Amino acid sequence: GAGVSQTPSNKVTEKGKYVELRCDPISGHTALYWYRQSLGQGPEFLIYFQGTGAADDSGLPNDRFFAVRPEGSVSTLKIQRTERGDSAVYLCASSAGTGGTEAFFGQGTRLTVV
Amino acid sequence: DQQVKQNSPSLSVQEGRISILNCDYTNSMFDYFLWYKKYPAEGPTFLISISSIKDKNEDGRFTVFLNKSAKHLSLHIVPSQPGDSAVYFCAASGGTSYGKLTFGQGTILTVHP
């Protein structure tokens, strides 16, 4: 597709379980971002990839969160031992470059931890 | 520490009038600013941006103004249309991590017919 695609669109999981969220960026975009948005708040930065490597992971809240982008395209955000506080919309974005280029967002994955 | 703030949670405007959305930032390292629009159940959509070397950028009905000394930017929409009703986020980047966008909390704009 032409845009950023995220799957699944909704995910309900039990507390303590492991989840994976997938992001397919726009073809050719080298930069990929993960954000988390809670109700009534703006998106909160989690991690940013330039190619295959994580250029900035300062937003990951703790070591239960991990993200990979092994081939420089698709990325997976992994959350271990989920907690109810992890419930949010997880947004992925991609851009053609960095430093002054706009990022294009996917529709998000709504994660609910029960 | 909220580095980007949108102090108005909501704004209501009549169709055809001007909408002005405001945003303040505290980090003087920010040098690129963006506005995004978000409809329910969709991801944010890029609207317009401005670099710190400019004080104004215009795109059709949308104009962004940047006042660096006041660390303030605003988005003007004129004329406002009902389809503009959405949540508007300002975002900023710069400093040591250009890839990272810092967002404000958002302003809900409602344009009444």
Side-chain angles (χ1 to χ4, degrees), chain A residues 1-7 9-10 21 23-26 29-51 53-60 69 75 88-110, chain B residues 1-10 21-25 27 29-54 57 59 62 64 66 86-108:
Chain A
V4 177
S5 176
Q6 292 186 246
T7 53
S9 54
N10 281 284
L21 312 180
C23 173
D24 279 273
I26 292 172
H29 278 189
T30 57
L32 183 146
Y33 316 82
W34 284 99
Y35 288 82
R36 176 169 72 173
Q37 186 174 17
S38 301
L39 195 62
Q41 300 296 316
E44 176 190 18
F45 173 79
L46 295 176
I47 186 170
Y48 142 60
F49 289 90
Q50 181 60 33
D56 185 345
D57 64 357
S58 61
L60 294 177
R69 194 186 185 199
S75 176
V89 175
Y90 288 81
L91 294 163
C92 176
S94 69
S95 68
T98 60
T101 58
E102 58 268 22
F104 296 88
F105 282 82
Q107 84 283 7
T109 293
R110 179 175 296 279
Chain B
D1 176 28
Q2 192 81 28
Q3 297 188 61
V4 177
K5 294 183 182 179
Q6 294 176 254
N7 291 316
S8 297
S10 63
L21 298 109
N22 293 301
C23 179
D24 296 292
Y25 62 96
N27 189 338
M29 297 297 289
F30 288 148
D31 60 6
Y32 190 66
F33 304 89
L34 309 89
W35 283 93
Y36 282 83
K37 178 167 76 171
K38 186 181 184 303
Y39 293 118
E42 294 184 10
T45 302
F46 170 75
L47 201 53
I48 193 169
S49 63
I50 189 167
S51 164
S52 61
I53 62 174
K54 296 184 175 181
N57 188 26
D59 183 2
F62 303 91
V64 56
L66 175 62
V87 181
Y88 288 77
F89 293 99
C90 69
S93 72
T96 57
S97 183
Y98 270 97
K100 172 181 175 180
L101 289 177
T102 302
F103 282 84
Q105 313 94 303
T107 297
I108 302 170

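Quantities reported herein were computed from a predicted structural model and do not represent experimental measurements. Hydrogens, waters and symmetry mates are skipped; everything else that's a heavy atom, side chains included, is used.
- B:Glu42 places none of its side-chain heavy atoms less than 4.5 Å from the side chain of A:Gln107.
- Among all heavy-atom pairs drawn from A:Gln37 and B:Phe89, the shortest one is NE2-CZ, 3.2 Å.
- By number of non-hydrogen pairs under 4.5 angstrom with chain A, the leading residue of B:Gly104, B:Gly106, B:Ala91, B:Pro44 is B:Pro44.
- Between the CD atom of A:Gln41 and the CZ atom of B:Phe103 there is a distance of 13.0 Å, given to the nearest 0.5 Å.
- In this structure, NZ on B:Lys100 lies 12.0 Å from CD1 on A:Ile47, to the nearest 0.5 angstrom.
- Each of A:Gly108, A:Cys92, A:Gly40, A:Pro43 has some count of heavy-atom pairs under 4.5 Å with chain B, and the biggest count is that of A:Pro43.
- Proximity to chain B is limited to the side chain of A:Ser58, based on heavy atoms less than 4.5 angstrom apart.
- Residue A:Gln6 does not touch chain B at all, counting heavy-atom pairs closer than 4.5 Å.
- Looking at A:Tyr35, its side chain does come within 3.5 Å of a backbone N or O of B:Leu101 through a donor-acceptor pair.
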